[in-house]
Number of protein chains: 2
Amino acid sequence: MPDKTTGLYFALFNEIAIIEQLSRAMFEARLPKGLMVSHFSVLNHLVRVGDGATPLKLARAFQQPKTTMTHTLAGLERHGYVRMEPNPKDKRSKQVFITKEGRVFREDAIGLLAPDVARIAAIFPPAQAEALLPGLQALREEMDGLRD
Amino acid sequence: MPDKTTGLYFALFNEIAIIEQLSRAMFEARLPKGLMVSHFSVLNHLVRVGDGATPLKLARAFQQPKTTMTHTLAGLERHGYVRMEPNPKDKRSKQVFITKEGRVFREDAIGLLAPDVARIAAIFPPAQAEALLPGLQALREEMDGLRD
DNA sequence: ACTATATGGTACGATATCGAATTATATGCA
DNA sequence: TGCATATAATTCGATATCGTACCATATAGT
């Protein structure tokens, strides 16, 4: 493997890290204090995919350590945005449900973030975003698969 | 702006966040304890772009808060991988130089990370990475520009 | 059924990240 | 020149992230 190839992937991951950084900073500047993009993302996932999933399943969906998800869910629960129930299928486990307050917060947050999204869309049009997405999804899935 | 468009950008940033997460976890599993991708990235930058830059310039290059860069540089200095000197052009400021030890560590780290890069390259070929990169760079630059 | 191993979740400690405030120096402008 | 404001960097405090260890329960092999 030539150095040039290694450098290519370093450059790729570096761009990705910077964009992640920029988007997180931009969004968190809009969210109320104490709520992070991680909180919003979980609520968004619960609405889009449906709730009732276990914490571990959520951690896997975001490819995060389960301790991180425990922490994020604790924050959401403290705000009353999710409810944790014992999992009837497995006494070790729990199920996560989004509350009405959680749905309201998600809706509000989308409204708060919309202007930023619009600013991005103005300079990086949806067609370009759509062009990028499949490649990123493919990369994500492949890297996901490497984790065994 | 239709909801579909907002969702598109959320999906885009979500994929980017997950890939950032996966690549960071993969690389940090290889690096010696106490050294993060952030440390490696800074050393890599100093070698590729040249050293002597100020901490603030480095923070901007990575689009990070300057306090984060102060912390990262302190870690690198503690390991003897960079040397901080007063900036003769500006007494408030400093210049960051990579040491011989820092260069050696960077080389070693590249060697440690190479197998992972190779595994990624095997399933997500360089041609695809190259295809992705310009769009990501464009997105990065546009978002960068929004930061006024 | 019994035991070994695997799995879901949490507690805890270390530390990375980052905003706010602070200090020192630089710059602009009257 | 003198003063207001801006800028480079650090300190400090809060907390997000994450690895390790642990407990409870489940599953597999005998």
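Numbers restart at 1 for each chain; the letters A, B, ... are given by sequence-line order, proteins then strands. Keep in mind it's a predicted model, so treat the numbers as computed, not measured.
Of the candidates D:dT11, C:dT17, C:dT25, the closest approach to any side-chain atom of A:R24 belongs to C:dT17. For A:K91, whose side chain is taken as the heavy atoms from C-beta onward, the closest listed nucleotide among D:dA26, C:dC18, D:dC18 is D:dA26. Nearest nucleotide to the B:R92 side chain, out of D:dA26, D:dT11, C:dT25: C:dT25. Among C:dT10, D:dA8, D:dT17, the nucleotide with an atom closest to any side-chain atom of A:K94 is C:dT10. The side chain of B:T68 lies closest to C:dC18 when the candidates are D:dT17, D:dT10, C:dC18. With C:dT17, D:dA9, C:dT10 as the choices, the nucleotide that has an atom nearest any side-chain atom of B:K66 turns out to be D:dA9. Distances from the side chain of A:S93 to the nucleotides C:dA16, C:dG9, D:dT20 place C:dG9 closest. Here the nucleotide nearest the side chain of B:T70, chosen from D:dT11, C:dT17, D:dT17, is D:dT11.
Between A:F97 and A:Y81, the ring centre distance reaches or exceeds 6.0 Å.
Using a distance-only test at 3.5 Å, with no hydrogens or angles considered, no donor-acceptor pair links the side chain of B:H79 to the main chain of B:L76.
In this entry the distance linking CZ of B:F27 with P of D:dC18 reads 16 Å, nearest Å. Atom CZ in A:R78 sits about 10 Å away from atom C1' in D:dT15, given to the nearest Å. Atom-to-atom, NZ of A:K33 to C1' of D:dA14 comes out at 8 Å; the value is rounded to the nearest Å. In this structure, A:M69 places its CE atom 18 Å from C1' of C:dA11, rounding to the nearest Å. Look at CE on B:M84: it is 14 Å from P on D:dA8, rounded to the nearest Å. Rounded to whole angstrom, the span from the CG atom of B:L22 across to the C1' atom of D:dC18 amounts to 15 Å. As a whole-Å value, the separation of A:L73 CG from D:dT17 C1' is 14 Å. Rounded to an integer number of Å, the gap from CZ of A:R60 to C1' of C:dT7 is 9 Å.
If B:P65 and A:Q95 are placed on DNA chain C by their nearest nucleotide, the residue sitting closer to the 5' end is A:Q95. Place A:L56 and A:Q21 on DNA chain C by their nearest nucleotides, and A:L56 ends up nearer the 5' end. Each of A:K89 and B:E28 was assigned the nucleotide of DNA chain D with the nearest heavy atom; the assignment lying further toward the 5' end belongs to B:E28.
In this structure, CG in A:L58 is found 11.0 Å from CD in A:Q95, a value given to the nearest 0.5 Å. In this structure, the separation between OH on B:Y9 and OG on A:S23 is 13.0 Å, given to the nearest 0.5 Å. If you take CZ on A:F40 and CG on A:L112, they are separated by 9.5 Å, rounding to the nearest 0.5 Å.
Computed from C1' positions of five pairs at each end, the angle between the two local axes of the helix from C:dA1-D:dT30 to C:dA30-D:dT1 equals 30°, rounded to 10 degrees.
The pair B:R24-B:E20 meets the salt-bridge criterion, with a side-chain N (NZ, NE, NH1 or NH2) lying under 4.0 Å from an Asp/Glu carboxylate O. The residues B:E85 and B:R83 are annotated as salt-bridged, a charged nitrogen and a carboxylate oxygen being separated by less than 4.0 angstrom.
Between A:M36 and A:L31, the closest side-chain pair of non-hydrogen atoms is not below 4.5 Å.
For the pair B:H71 and C:dT17, the criterion of a side-chain N or O lying under 4.0 Å from OP1 or OP2 is not met.
Residue-level contact check: A:N87 touches neither bases nor backbone, having no heavy atom under 4.0 Å from any strand. Here B:M36 lies in heavy-atom contact (under 4.0 Å) with sugar-phosphate atoms only.
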